[in-house]
Amino acid sequence: MDIAAFRALHTPSGQALLQEAAEADVREDGLLATASRLRERHDPPLVAAALTQVRLRKKARAKFGAEADRMYFTQAGLEQSTRASVAAYRAGRFADRLPAGRVLELGCGIGADLIARARAGLAGVGVELDPLTAEVARANVAAFGLDGLASVRVGDATKEDPSGFDGVFADPGRRTARGRVFDPRSYEPPLDVVLAMASQTPAACVKVAPGIPHEAVPDDAEAEWVSVGGDVKEAALWLGGLAATCGGEPLSSRPRPTSRIEGPRCGP
């Protein structure tokens, strides 16, 4: 799916095709016949884009529930996105600690966390290196009517200036063409680069792999592992004003997914 075909989905004819595809048989054994029928009346690239979205929306229901049916995805973006319940929980802490704050997101993907924070009332700017993924994130922001609070731009996260923002959220890439990345130094961008940027704002949260080595967790960070349905799904490092303090400040009392929390780690 290219950007031109994706943008064409947002025209009246593209939306009509998307609805028609959603009502068609897109299972493996019926996909070819559906595609052939739709191509009789629509451009092949547009048909491919519509069928891709319909199939990804069905997969996305596991993460986003019924709201997946109005969202847009790429395959990689869906795989790496934060599920809705976790994003809402995380947005709750941002809202509790940074009320009316403005957050810079480094590597916003398809926009799941950006949208969750905007729904919690926080303005934000998402930066995404891949142009198509950025386009998808913009479409998702618009789908939820959050254009006034959230925006997305294409750019290199490592070249962003965090000054002027109340907080940073970062989701460095942990997949390459060869598969998952487990060494934080191999994240894109590397974890140490992200942490250095995060330190330039009063508060930050960095999403990391659940298998992050404990020695990679900064001493002044709160490390949190979140499980859903008994399975550990992800981890996050809370920093600055978003972390619990070493003096024992309680975590947010906001309801959250089942989680195991370690930290903050203070001192040597």
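- Here the side chains of Arg37 and Glu20 are in contact, with some heavy-atom distance below 4.5 Å.
- When hydrophobic side chains of Ile, Leu, Val, Met, Phe, Trp and Tyr are connected at separations under 4.5 Å, Leu122 ends up clustered with Phe94, Leu98, Val103, Phe169, Trp238, Leu242.
- Taking 4.0 Å as the cut-off between side-chain N and carboxylate O, Asp147 and Arg138 do not count as a salt-bridged pair.
- Classification of Glu105 and Lys207 as a salt-bridged pair fails, no side-chain N sitting under 4.0 Å from a carboxylate O.
- Between Arg90 and Glu234 there is a salt bridge, with a side-chain nitrogen of the basic residue lying less than 4.0 Å from a carboxylate oxygen of the acidic one.
- Taking the six-membered ring for Trp and the full ring otherwise, Phe6 and Phe73 have centroids separated by 6.0 Å or more.
- Salt-bridge formation is not detected for the pair Glu79/Lys59: no Lys NZ or Arg NE/NH1/NH2 atom is positioned less than 4.0 Å from an Asp or Glu carboxylate oxygen.
- Side-chain atoms of Asp2 come within 3.5 Å of backbone N or O of Ala5 as a donor-acceptor pair.
- No donor-acceptor contact under 3.5 angstrom links the side chains of Thr34 and Asp25, judged on distance only.
- Side-chain atoms of Arg55 do not come within 3.5 Å of backbone N or O of Gln53 as any donor-acceptor pair.
- With contacts defined as side-chain heavy-atom distances shorter than 4.5 Å, the pair Asp192/Arg185 does not qualify.
- In this structure the side chain of Pro172 never reaches within 4.5 angstrom of the side chain of Pro190, judged on heavy atoms.
- At distances below 3.5 Å, at least one donor-acceptor pair connects side-chain atoms of Glu128 with backbone N or O atoms of Asp130.
- Side-chain atoms of Asp156 come within 3.5 Å of backbone N or O of Thr158 as a donor-acceptor pair.
- The cationic group of Arg57 lies under 6.0 Å from the six-membered ring centre of Tyr72 and within 45° of the ring axis, placing it in a cation-pi geometry.
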Side-chain donor-acceptor pairs of residues 196-204 under 3.5 Å, sequence neighbours excluded:
from: Ser199; atom 1: OG; to: Ala196; atom 2: O; distance (Å): 2.6
from: Thr201; atom 1: OG1; to: Ala198; atom 2: O; distance (Å): 3.0
from: Thr201; atom 1: OG1; to: Ala203; atom 2: O; distance (Å): 3.0

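- Arg153 is listed as a side-chain neighbour of Val125, based on a closest heavy-atom distance under 4.5 Å.
- When atom types are taken as modelled, the side chain of Asn140 and the backbone of Ile110 share a donor-acceptor pair closer than 3.5 angstrom.
- Within the 4.5 Å cutoff, the side chain of Val232 has no heavy atoms near those of the Val226 side chain.
- Between the side chains of Gln19 and Gln15, not a single donor N or O lies within less than 3.5 Å of an accepting N or O.
- Under the 3.5 Å distance criterion, the side-chain polar atoms of Tyr187 are left unmatched by any main-chain donor or acceptor of Val208.
- Under a cut-off of 6.0 angstrom, the local environment of CZ in Arg27 is sparse, with at most 12 non-hydrogen atoms contributed by other residues, nucleotides or ligands.
- Put simply, the side chain of Leu106 does not reach to within 4.5 Å of the side chain of Asp171, judged on heavy atoms.
- Pro131 places a side-chain heavy atom less than 4.5 Å from the side chain of Ile3.
- Between the side chain of Thr74 and the backbone N or O of Gly77 there is at least one donor-acceptor pair closer than 3.5 Å.
- Checked by atom type, the side-chain pair Ser227/Lys233 shows no donor-acceptor distance below 3.5 Å.
- Between the side chain of Arg70 and the main chain of Ala143, a donor-acceptor pair closer than 3.5 Å is present.
- Side-chain heavy atoms closer than 4.5 Å link hydrophobic residues (I, L, V, M, F, W, Y) into clusters, and following such links, possibly through other members, connects Leu46 to Val26.
- In this structure, the side chain of Arg97 engages the main chain of Gly241 through a donor-acceptor pair within 3.5 Å.
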